[in-house]
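Below: one structure, written as structure tokens.
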Amino acid sequence: MHQSSSNIKCLIIGGGGHAKVLIDTISSRRSVQIIGILDPEKDKWNTNILGIPVIGDDSVIPKLVSQGANAFIVGVGSTGNNQLRRRLFELGIQYGLEPIKAIHINSICSEAIDIGPGSQVLPGSIINHGSTIGSNVIINTGSIIEHDCIIESHSHIATGARLCGTVHIGENTHIGAGATILQNIQIGSNVIVGAGSVVLEDIISNSIVAGVPAVPIK
Ligand code: JB3
């Protein structure tokens with residue numbers, strides 16, 4: 001595991017499966033030093049994940065800040081539960097940490113896009129011209145965000161999902177693995193789109209849809 005000597009000393013909040021992909025992603029750029037992982041599971045404390053120590057739970061953040069930690073990223077993927085990811089993002093901000101972006105060196109990002117703080121663009125994903133990504137968004141492995149899409153904060157585009165051109169996704173929304181959203185579709189906030197769904201019509205906020213074509217299931 002490469003350890004950068006960067007002045008950006010980053011904590012990863014959450015130490016499960018997603019955190020491993022995130023460590024690979026951050027390490028691919030070598031511009032950030034990851035100094036530790038925080039996780040409430042005591043059996044992980046004093047172990048390490050890909051060479052990064054698991055230091056304790058979130059209550060140790062103030063001590064780590066006093067020791068030089070100055071940045072963070074949410075390491076929890078939490079499929080379908082973006083409220084937890086949102087809460088952890090707000091926690092890092094409260095403690096005065098800077099949210100870093102994690103953009104894998106083997107992702108393909110147009111130069112004409114905006115990516116907000118704390119957002120994650122994982123290996124093999126593509127973001128095309130004119131798209132805007134909010135804060136604390138996950139663009140997971142191998143997903144495709146076509147031209148002129150808007151993805152609002154705390155949303156998660158899961159592995160292999162595809163957004164065609166000019167799709168709008170609201171806050172805290174989860175687009176399941178392998179789902180396809182056709183062009184110009186508007187999806188609200190707090191929506192879950194089931195894995196493998198094909199979305200042909202707009203979806204209102206606070207709903208769960210699934211299937212081919214996707215229909216409301218709750
Ligand atoms: O499908 C893919 C490619 N990735 C999935 C990802 C999107 O979601 C992955 O396979 C998993 O389904 C899931 O990954 P995640 O979120 O890392 O899940 P898990 O492996 O269960 O780890 C979550 C970790 O977050 C656990 O170690 C929890 O203890 C920790 N956690 C939960 N609440 C927390 C908190 N950590 C901190 N620091 N604070 C919390 O409040």
Side-chain angles (χ1 to χ4, degrees), residues 8 10 12-14 18-19 21-26 28-29 31-32 71-90 92-93 97-193 199 202-203 205:
I8 305 172
C10 181
I12 297 185
I13 303 183
H18 185 70
V21 183
L22 205 46
I23 291 167
D24 275 350
T25 296
I26 295 168
S28 76
R29 297 274 178 187
S31 55
V32 168
F72 80 104
I73 195 158
V74 176
V76 176
S78 272
T79 302
N81 178 8
N82 288 315
Q83 293 299 346
L84 172 60
R85 294 185 49 255
R86 181 182 196 134
R87 183 173 70 70
L88 296 176
F89 183 76
E90 289 168 352
I93 301 277
L97 296 167
E98 188 76 26
I100 64 154
K101 297 177 201 179
I103 301 176
H104 197 282
I105 201 159
N106 291 324
S107 60
I108 300 174
C109 293
S110 164
E111 286 182 13
I113 60 175
D114 282 326
I115 299 179
S119 286
Q120 310 171 12
V121 182
L122 300 186
S125 57
I126 299 173
I127 307 179
N128 273 349
H129 189 99
S131 286
T132 302
I133 313 296
S135 305
N136 192 32
V137 168
I138 301 175
I139 307 296
N140 218 324
T141 305
S143 57
I144 298 174
I145 313 302
E146 259 298 349
H147 68 90
D148 300 308
C149 288
I150 297 174
I151 302 174
E152 295 189 35
S153 299
H154 316 293
S155 287
H156 179 174
I157 312 302
T159 297
R162 292 170 291 245
L163 274 50
C164 297
T166 329
V167 165
H168 187 138
I169 309 282
E171 283 193 346
N172 305 329
T173 282
H174 180 83
I175 306 297
T180 300
I181 319 296
L182 285 205
Q183 53 266 47
N184 304 319
I185 295 287
Q186 310 265 317
I187 295 183
S189 298
N190 309 306
V191 169
I192 296 177
V193 173
V199 178
D202 292 353
I203 301 173
S205 294

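- Side-chain contact annotation: H156 with N140, donor-acceptor N/O pair under 3.5 Å present.
- Using a 4.5 Å cut-off on side-chain heavy atoms (C-beta onward), V121 and C109 make contact.
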Report the C-alpha distance between I138 and H18 in whole Å, list the side-chain angles of each, state the deciding distance to 0.1 Å, and finish with yes or no for side-chain contact (heavy atoms from CB on, under 4.5 Å).
CA-CA 10 Å; I138 301 175; H18 185 70; 3.6 Å; yes
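- For the pair I12 and A19, the tightest heavy-atom approach, listed with the atom from each and the gap, is CG2-CB, 4.2 Å.
- Interatomic distance, CG of D148 versus CD1 of I150, reported as 8.5 Å (0.5 Å rounding).
- Between atom CG of residue L122 and atom CD1 of residue I157 there is a gap of 12.0 Å, rounded to the nearest 0.5 Å.
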Which is it for I145 and I113 under the side-chain contact (heavy atoms from CB on, under 4.5 Å) test, yes or no, and what are the steps along the way?
CA-CA 11 Å; I145 313 302; I113 60 175; over 6 Å; no
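- Residues P99 and I93 come closest through the heavy atom pair CG-CD1, 3.7 Å.
- Contact detail for E152 and H168: the closest heavy-atom pair is OE2-NE2, 2.7 Å.
- The minimum heavy-atom distance between V137 and S153, with the atom names listed, is CG2-CA, 4.0 Å.
- We find the CD1-SG distance between I181 and C164 to be 8.5 Å, quoted to the nearest 0.5 Å.
- Remark: the backbone N or O of S189 is paired with a side-chain donor or acceptor of S205 at under 3.5 angstrom.
- Smallest separation of non-hydrogen atoms from F72 and I13: CD1-CD1, 3.7 Å.
- For the atom pair Q183 CD and L163 CG, the distance stands at 11.0 Å (nearest 0.5 Å).
- Under the ring pair (Phe, Tyr, Trp, His ring centres under 6.0 Å) criterion, no residue pair touches residues 122-149, with sequence neighbours excluded.
- Considering all non-hydrogen atoms of both residues, S119 and G134 come closest at OG-O, 2.7 Å.
- Using a 4.5 Å heavy-atom cutoff, the side chains of I115 and I127 are in contact.
- In this pair, F89 and H154 present their aromatic rings perpendicular. The plane angle is above 60°, beyond the 30 to 60° band.
- Between the side chain of S28 and the backbone N or O of I105 there is at least one donor-acceptor pair closer than 3.5 Å.
- With hydrogens and angles ignored, the 3.5 Å screen pairs a side-chain donor or acceptor of R85 with a backbone N or O of N136.
- Going from atom OG1 of T159 over to atom CD1 of I139 covers 11.5 Å, rounded to the nearest 0.5 Å.
- Taken from CD1 in I133 to CD1 in I151, the straight-line distance is 4.0 Å, to the nearest 0.5 Å.
- For S155 (side chain) and G170 (main-chain N/O), a donor-acceptor pair under 3.5 Å exists by modelled atom type.
- Judged by distance alone, the side chain of N172 and the main-chain N or O of N82 form no donor-acceptor pair under 3.5 Å.
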side-chain contact (heavy atoms from CB on, under 4.5 Å) between I26 and I100, worked out:
CA-CA 9 Å; I26 295 168; I100 64 154; 3.9 Å; yes
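- Remark: side-chain polar atoms of S131 are paired, donor with acceptor, to backbone N or O of E146 under 3.5 angstrom.
- Looking only at distances, a side-chain donor or acceptor of T173 sits under 3.5 Å from a matching main-chain atom of G188.
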